[in-house]
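Everything below concerns the one structure shown next.
Whatever order the structure lists ligands and atoms in, that order sets their numbers, starting from 1. Bear in mind that the values here come from a model prediction, so they are computed numbers and not experimental data.
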Amino acid sequence: MARRRQLYEGKAKILFEGPEPGTLVQYFKDDATAFNAQKKGTITGKGVLNNRISEFLMMKLADINVPTHFIRRLNMREQLIKEVEIIPIEVVVRNIAAGSISQRLGIPEGTRLPRSIIEFYYKNDALNDPIVAEEHITAFGWATPPDMDDIVHLTLRINDFLSGLFLGVGITLVDFKVEFGRLYENEDMRIVLADEISPDNCRLWDSKTNEKMDKDRFRRDLGKIEEAYQEVARRLGILPEAGSRDMKGPETMQ
Ligand code: UDP
């Protein structure tokens, strides 16, 4: 079978042309980067776990009527998604101070914020994804004011839902990053959740011990990275059927 045409290769994923118009195949790699790709590495089995975790979370979000690009998982490392026009903004939600907000504003890591805070970053590697205000986003036309209303509304719902879901399995959702896209269907345009939601773009702390269960283990050389991602999947009840033995994929199961 001819290999699908590759459209884009990012730091952690590859996008291929999908089987039907308007679809894409999203392939999850084991590659990991941090600090704007200055630190590079491989986390064995990460792609398999993130594929599962993102599938699970996007399906749960669809159940509460959050529109997403996810269609279905194809195999260990690939999922079928709807093609959307990505809005070039990273939307970060913070419940507890960590990472850049702690550094920038001098708030000690672990401080619960007075309320959840949403921040926007302009997706531009050359500029190091600078933080921007909604004013920049609408003035430069990266998104319209109605797009931003939808994005903020959806983001707050995603945060409330995922905070509760993770808390139920003993994990604190400290912060996370999401991306949105425009989905064109007939004459209509809808803002939908895109990209992925996984320990690569969330901060997840064990609720009892505050142990980190996310990419900070890679960023800060804390070790036991594979184990942490696996533990998140295990608590969510979605470890791959054969456990870590089938973590290398891909294996089509259509
Ligand atoms: N994040 C991400 N991609 C980025 C930057 C941040 O997924 O390019 C996530 C990160 O994993 C964390 C949240 O967004 O869950 C907030 O990250 P922060 O601004 O603290 O940046 P960091 O110091 O982690 O680079």
With a cut-off of 4.0 Å, which atoms of ligand 1 are near a heavy atom of G99?
20 (O), 23 (O)
Protein heavy atom under 4.0 Å of atom 4 (C) of ligand 1
yes
Option whose closest heavy atom lies nearest to atom 2 (C) of ligand 1, chosen from E90, K177, E119, K215
K177
Do the side chains of D200 and K177 get close enough for a salt bridge, i.e. N-O under 4.0 angstrom?
no
Below 4.0 Å from ligand 1: does a non-hydrogen atom of A98 turn up there or not?
yes
Main chain of D195, side chain of H69: is a donor-acceptor contact present, judged purely on distance under 3.5 Å?
yes
Among all protein heavy atoms, pick out the one at the shortest distance from atom 17 (O) of ligand 1; state its residue, atom name and that distance to 0.1 Å.
R203 NH1, 3.6 Å
Would D175 count as a polar contact of ligand 1, with the cut-off being nitrogen or oxygen pairs under 3.5 Å?
yes
Pick, from A12, C202, A97, S100, the option with the minimum heavy-atom distance to atom 23 (O) of ligand 1.
S100
Please identify which atoms of ligand 1 are closer than 4.0 Å to at least one heavy atom of V92.
14 (O), 16 (C)
So CE of M59 and CZ of R72: to nearest 0.5 Å the spacing works out to 12.0 Å
Any ion pair linking R217 and E226 (charged N to carboxylate O, less than 4.0 Å)?
no
Sub-4.0 Å atoms of ligand 1 with respect to non-hydrogen atoms of R94:
16 (C), 18 (P), 19 (O), 20 (O)
Does the pair D160/R157 count as a salt bridge with the N-to-O cut at 4.0 Å?
no
Protein contact to atom 7 (O) of ligand 1 [nearest heavy atom, distance to 0.1 Å]
N201 CB, 2.9 Å
Within ligand 1, which atoms have a heavy atom of Y121 less than 4.0 Å away?
19 (O)
Is the NZ or CZ atom of K60 positioned over F161's six-membered ring, under 6.0 angstrom from the centre and within 45° of the axis?
no
T172 side chain to R112 side chain, donor-acceptor N/O pair below 3.5 angstrom
no
Ligand 1 to R219 polar contact by distance, N or O atoms, under 3.5 Å:
yes
More than 12 non-hydrogen atoms from neighbouring residues, nucleotides or ligands closer than 6.0 Å to CZ on R115, yes or no?
no
Give a yes/no verdict on whether any heavy atom in D200 is under 4.0 Å from an atom of ligand 1.
yes
Please confirm whether F35 approaches ligand 1 to less than 4.0 Å, judged on its heavy atoms.
no
Charged N to carboxylate O below 4.0 Å: is that the case for R182 and D147?
yes
